[in-house]
There are 4 protein chains.
Amino acid sequence: MNLISEQYRTVRARSVEICSRLEKEDYVVQPIVDVSPPKWHLGHTTWFFETLVLLPNVPEYKVYHPEYHFVFNSYYESLGARVIRTDRGNLSRPTVDEVYRYRDHVDAAMMKFLGATMVVGPIAELVELGLNHEEQHQELLWYDIKYILGHNPLFPPYQEDTIENDLAGLDSGWHNIDAGLYEVGYAGNGFHFDNEKGRHRVFLEEAAIAKSLVTNQEYLAFINDGGYKRFEFWHAEGWDWMKVNGIHAPLYWYEIDGTWYRYNLSGLKALEPDEPVMHISFYEAWAFAQWKGMRLPTEFEWEIAARHFNWGKLWEWTESAYLPYPGFKRVPGPIGEYNGKFMINQKVLRGASIATAPGHSRATYRNFFHPQLRWMYSGIRLAKNE
Amino acid sequence: MNLISEQYRTVRARSVEICSRLEKEDYVVQPIVDVSPPKWHLGHTTWFFETLVLLPNVPEYKVYHPEYHFVFNSYYESLGARVIRTDRGNLSRPTVDEVYRYRDHVDAAMMKFLGATMVVGPIAELVELGLNHEEQHQELLWYDIKYILGHNPLFPPYQEDTIENDLAGLDSGWHNIDAGLYEVGYAGNGFHFDNEKGRHRVFLEEAAIAKSLVTNQEYLAFINDGGYKRFEFWHAEGWDWMKVNGIHAPLYWYEIDGTWYRYNLSGLKALEPDEPVMHISFYEAWAFAQWKGMRLPTEFEWEIAARHFNWGKLWEWTESAYLPYPGFKRVPGPIGEYNGKFMINQKVLRGASIATAPGHSRATYRNFFHPQLRWMYSGIRLAKNE
Amino acid sequence: MNLISEQYRTVRARSVEICSRLEKEDYVVQPIVDVSPPKWHLGHTTWFFETLVLLPNVPEYKVYHPEYHFVFNSYYESLGARVIRTDRGNLSRPTVDEVYRYRDHVDAAMMKFLGATMVVGPIAELVELGLNHEEQHQELLWYDIKYILGHNPLFPPYQEDTIENDLAGLDSGWHNIDAGLYEVGYAGNGFHFDNEKGRHRVFLEEAAIAKSLVTNQEYLAFINDGGYKRFEFWHAEGWDWMKVNGIHAPLYWYEIDGTWYRYNLSGLKALEPDEPVMHISFYEAWAFAQWKGMRLPTEFEWEIAARHFNWGKLWEWTESAYLPYPGFKRVPGPIGEYNGKFMINQKVLRGASIATAPGHSRATYRNFFHPQLRWMYSGIRLAKNE
Amino acid sequence: MNLISEQYRTVRARSVEICSRLEKEDYVVQPIVDVSPPKWHLGHTTWFFETLVLLPNVPEYKVYHPEYHFVFNSYYESLGARVIRTDRGNLSRPTVDEVYRYRDHVDAAMMKFLGATMVVGPIAELVELGLNHEEQHQELLWYDIKYILGHNPLFPPYQEDTIENDLAGLDSGWHNIDAGLYEVGYAGNGFHFDNEKGRHRVFLEEAAIAKSLVTNQEYLAFINDGGYKRFEFWHAEGWDWMKVNGIHAPLYWYEIDGTWYRYNLSGLKALEPDEPVMHISFYEAWAFAQWKGMRLPTEFEWEIAARHFNWGKLWEWTESAYLPYPGFKRVPGPIGEYNGKFMINQKVLRGASIATAPGHSRATYRNFFHPQLRWMYSGIRLAKNE
C-alpha cells in the first residue's frame, strides 16, 4: 500500500473511531444550528471524495445514491423540482447504518483508485485537501458530540479516559516581543490552506505575551468581581449578546448550590481551578482581558512568539479579524469557496486544541469563528504593551 | 386476568405495534414544533401511569429515573436548580432501548397493581383516562411518523399495507336537517372527556349537510380555478398564513412536471382523484367552501346529522370554535388541565380518522386544532342553508 | 340641507373635534402595529368616500392625489411597479395639513353631491356605511391617541375634562336568565352591520349575569392573590402571552413605590378603586372569572339580558367566538370584505364604550378583538350558572 | 466673542440649518432602527452639552426637564422605577417646538459659560468633543432625512440645490504604492478621535489604488452581468443578506419600465451614469471588486495613498476591520465608551462625504459601519496587487 492510501485509511478510520461510543440516537440530533448531527459529518466528508475525486476521475464509478448529493452537500442553493426545506437535524434517513455503508462503498472505490494509479499532481492535492477537510470535521465531531451530550438533562458521560484529561497548564511568565519587522504566513512545502499562504512582512510594536493560558480560577475571579455585570469591560454587541442569551459563565458551567461544576466528556464534574478556562466566546475573552487591564494578542504577535511557549490545548482567540493576506486569490471552482467567502465578521484563533487531529496543527494555521461562538475548545492567552 | 388489565395490555401493545417498523433514528427527530419524536410519545404515556397511578397508589413503587419526570412531562414550567432549555427533538438520550425498558418496568408494575387489587372508582377512572390519553397519542404517532418520513428528501415508505389504503368515499347526496331544538353532548355511561359532557339543548335552523367528503378531484378544481390566488375566498389571517408559508396545495402534495403526487405512508404516489382530500388546514377547508358558495357545518349540525352518513376516515373541520359547553367546570388538579386550558383560538373537528384507535370514536367526541394545522388526517364536509 | 348632508357634516366634524388637541407630532407615530397614526385615520375615512362614493357616482370628480389610494387604503396587496414596503408609522408625508386639505376637498365634493341629488337606495346605504365606518374609526382614534400619549415617558395629559371621567358603576346584584328559546340578532329597520343580521333562535340554559362591571378594587384583589402567577386560572396561550410580554397588570397601570397609578387621558393618576377595571385582554378577563369561580357570559346571554342592566361604559368580553350567524353571506365586492374575513380567532365583545360615537351603540352590535388585545376600552361582566 | 464660543455657535447653527426645510412630521419618524428621528438628533446633541459640560461645571445650572435624560440618552440601560419600552420613533413628545426650546435654553447657558470663563484644558477638550459629536450627528441627519423622504411613496424632494449635486468624478488611472514601511495614525495637534491616535508603523506590499471612484455605469455593468445572481462574487453572509432582504441594486435605485432611477434629495431622477455609485453595502462593494478581479484597499493603503487622489465625496469601504491601533486604551468614564466598544464586526471606511461637516475630514479619520449598512454616503475605490 502506498503512502497516500495509507494516509487515506488512517484518517478515515479516525472519524469512525471518534464516533465509536455513540448511540445511534446521538448521531441524529442538531440542538443548535452550529452543531451538525454526527452522521451528517460522516456522510459529508464521504460525499467530498465521491463528488470531487471519484466522479471526475473514475469513469466507471457510479453515484451511490442520487439524493445523497442533496443530503450531504453543505449548500442547498438549487434543489431542482422537488424542494423541501429542512434542517440537518430533522433527517432521520439515511440511517446511521446506511451512512456507514456509504462510507464503505466510497472507501473501497477510493482505495482501489489510490492503489491502482500513481496519484500525483492536482488529484493528489485534492485527496490531501479531502483528508484535511475530514480532519477539520473530526474536530467538529468532538465539539458537536460534547454539545449533544452536554445539553442533555441526563448529562451522559461519553468516555472516562477523554481527550479532556490532563489539560492543566505548563508555562508561566511573559515572553517579550521586540519591535521590528517580521515575516508571517506559511513558508514550507507541506500541506496548508489557502488562507495561510502568502508569506509577508508585518511590523510589530514592542509587546509581551503570556506564556500560559488563563485558568478557571482566574476566570472565576472575573465572575466574582461582577465581570458579567459591568458594561465597561464589554463590546456593545457582546453586552447585548450576553443579555439576550442570559449568559453569566462559560459554556458547560453550572453553579449548583454554590459550587461550580462543568460538564466534560466524562460527565458533570466539579470545576478544576488550575485547568485553562475553555468554551468561551471572543466577547468573554475580550472582556476578561479588559478587566485585567490587558488585551488579547494579534494573530501576528501570536505567530511570531509561538515557539516561546507551549500551545495546542485550546484554540486561542486573537484580536485579529479574519481577513485575506496580501495577494490572496480565490482558486476558481468549488475548492475556491473553501475559505475566502467566510472572511467577514469572524475573529482569528491560533494554535490547536485537544480535539485537533494529529499532524493537523501548524503555527501558521488560521482558525476562525464568529465572536459569539463557544462550543469549540477555545481559551484565552493575554498580551500587554510593555 | 381481569378486564382492566386486559385493556391496559392491549392499548399499551398497540403503541409499540405502531412504531414497530421505525428505524431508531426515526424515533428521535422533531422537524416542526407540532411533531414530537416517537420515543417521546412512548415515554410520555408511560410517565402518565408512573406519576398519576403508581406513585400515589403503590407505596413500594420507586421512580424509575429521577430525571424522566423532567424529560417526559409535557410542561416544563419549574425545573429546579439545573435548568436546561431544550426541545424534545434535541434529546438523543434516553435512547430508544432505554425508553422501551422504562415502558417494560412501568407495565410490569401496572400489571401487578391492576391484577392484585380490585381497581374501582377514581383509580379505575384514572387508568381509563390514561388509556384514552395513550390512544390519543397513538393517533399523534401516526401523524408524526408520516410527517418525519414525508418530509425526508428520500421519501421512505413506512409500510405498503397502510392505514391509508381504501380511503375512497361511500356516500353521496345531502342530508336535510329540520329546524328545531336538539340535544347534544355525551349522554351515556362509558368513557368520555370532560369537554363533551354536559348534554344540553341547541336550536338549529334548517340546513343540509353533505353525505360525503370533498375529494382530491374536487379540490384540484379549486386549485385550478385560482383558489390559492383569490383573496375573496379567504379569511384575512388565512391569506396571510398562506402567503408567509408559501402554501399552494394541501400538505404532502407535490406537483412534478405537471403531475400531482402525494406522499402517503407507502411512498410518493400519483394523486388518487376519488379519495377524500386530506391534510388541509381550516383556512383551506373554509376557502374551499366559500369557493363552492357553501359553508362548513357547525359541530352541532354535524352531531345531529352524523347517523345519516358514514364518518371516520378523516377528522372533519367544523365552523365551530372550541368552547366550553354550558356548565363546564375544570376538575381541580392536573387532570383538570386536560382540556379547558386549550379552549381558545381553536376549531372543533368532528368524526374520527383512519389513525384513530379502535373504540376511540364517538359522535359526541370533540377534537380540536388550531386553524393553520394540517399534519393530522383532516378533511372537508360541506353544508349549506337550503 | 337635507338629513343625509347634515349627518355627513356632523359625523365628519366629530373626527376633527376628537383630534383637535393633538400636536402635529402626535398624528404621525405608530407605537405598535394595532395603533394607527391619527392622520392615517383621517385620511383613510376620507379615502372611503372618495373611492366608493365619489369616483363611481360623480363623473366629473377627479382623484385628489394618485398616490393616496396607496397610502390610505387598508390593504396593500398589489402595488404596481413601484413597491415600497413600509408601515403607516414611517410615513411623515402627506403632512397633517395636507390630510386636512384632502378632507376639505372630499367633503366639499360630498356635500355638493349629497345636496344636489336625492340620494337614495344603494348609494344612500353606502354613505351610511361610510359614516358608520368613520364612527368606528373615531372610536379607534380615542384608543390610539391614548396609547400614543400613555406610552410616552412624559405622560402628557390630553384633556382635563375627558371622556374617562364619571366611569363609576351604577348597578349591583345579578339578573337571572331562565332556560328557554330566545331570539337574537338585529330585527329593526335602521342601520346595522352584516354580522348582526340574521335574527335567529338560540336556546339558553338557566344562568345569572352580573348587573355591574368588575371594579379596579376587585381586580386588585385578584392581583394580590397571585392571579398573574397561578397557572390554574389561565388558558395555556394566555399564560404564554403573559410570560412573553411580561404582563402583570392591566394596560396603563403602573405600580410606583407601592401605590398603583393608571394613565388616563388627563394624565397619570392614582387608581380609583370603584371604577370598572379597563384595558384588559380576554385572557385576563377569563382568568379573573376563573379565579372568582365564575365565567364570562356568552354573547347571547348578554344580548337577552342587556335591558336589565346599564351598559355602555366599556366593551364587555364574552366567551363567544366571533362566528357568522346562520345564513350569513358575504356581499360581493369590497363591501363584502367588511366583516366576514375576520371571523376567526377573535372573541365577541358586547355593549359600547365611552369612546363610542353617539347613536352608534345597539344591543345587537357585535364588536370583536383578538384575545390578547387591550388598548381598547374593554371590561369584565361576570356570569354564573345558578 | 472668543473662538470657542464662535465655534459653538457655528456648529450648533448648522444642525438647525440642515433641518430647516423639514416639515414637523419629518422630525418624528424612524422607518428603520438605524435611522433616528431628526428631533432626536437635535435633542441628543443638546443633552450631551447639558449633561457633560453644564451640569458638572456650572453650579447654578438646573436640568431643563428631568425626563429628557431618559429620552435623549443613547443608552437606556437602567431606567428606574417606571420602565417603558419604546423606540425613538414612537415618541411624539417632546414636540419639535419643545426640542428647539430645549436647544435655546442649553445654548444660552453654554454661551454664557463659554463667554464668562477662560475655558481651557479638559473642559475645552470636552466642548470640542461635543462639537465633533454634533458634526457626526449632522452627517447622520443627512442620511436619516434622505431615508425618511426617500422611502415615502410620495418621494418628496427636500431641496433642489442639494449637497448631492456635482458628484461627478475627477481623477482617473492608478496610483502605485511601493512596498515598504510607512507610518499611519494621527500625528498633529488638532482635534482627533481616540481611535485614530497612536501613530505607528505598518509594512505595505506593493499595490495599486484607483484614483477615481466606481461609477453608476460601471456598477450597472456588474448588475447586468448577473452580479447579484452569481454566488462566486460574494461572502457567504453577504449572499444570505441579499437573499433575505431581496436586494438587487443599490439603495434608492428603482427600475421602472426598463429605466433606472434613483431617489436623491431633489426627487426621483434618472440615474446619472458618470456619478460615483453610492449607498452600497460593504458586501456589494466587495462583490463588485471580486467581479472586477480586483479588491478593496486596506485602510493603511488608503491612508498612505490619499494625497495622490481627490477624496471626500463618499465614504470609501476598505477591506480593514475596525480594530484598535497598537496601544489603544479606553479613557475611563463615559467618554471612554465613545469608540472602543464598537470595535467588533465593523469595517473601516475612509475619506469623507458630501454630508460631512466642513473641517471634519482628515486622512487619518476612521469611520466604521456594519458591512450590511448602506443608508450612508458610501462608495467604492478599487485596489489591485500589481
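Because the structure is predicted, anything quoted here is derived from the model rather than measured. Below, chains carry the letters A, B, ... as their sequence lines are ordered, and counting in each starts from 1.
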Item to check | D/D107: partners by salt bridge (Lys or Arg N to Asp or Glu O under 4.0 Å), with sequence neighbours left out | outcome: D/R12
Item to check | Residues C/Q159 and C/T162: side-chain donor-acceptor under 3.5 angstrom | outcome: no
Item to check | Lys/Arg N to Asp/Glu carboxylate O, C/K243 vs C/E237, below 4.0 Å | outcome: no
Checklist entry - Between C/Y147 and C/Y143, does the ring centroid distance fall short of 6.0 Å? => result no
Checklist entry - Side chain, backbone, both or neither: which part of C/P94 has a non-hydrogen atom closer than 4.5 Å to chain D? => result both
Item to check | D/R14: salt bridge (Lys or Arg N to Asp or Glu O under 4.0 Å) partners, not counting sequence neighbours | outcome: none
Item to check | C/L149 portion near chain D, given a 4.5 angstrom heavy-atom threshold | outcome: side chain
Checklist entry - How about residues 19-29 of chain C versus chain D: which residues have heavy atoms under 4.5 Å apart? => result C/E23, C/K24, C/E25, C/D26, C/V28, C/V29
Next on the checklist: I'd like to check the salt bridge (Lys or Arg N to Asp or Glu O under 4.0 Å) partners of C/K39; sequence neighbours left out, ordered by chain and number.
Outcome noted: none
Checklist entry - Is it true that C/E164 and C/K146 make a salt bridge, defined as a side-chain N closer than 4.0 Å to a carboxylate O? => result yes
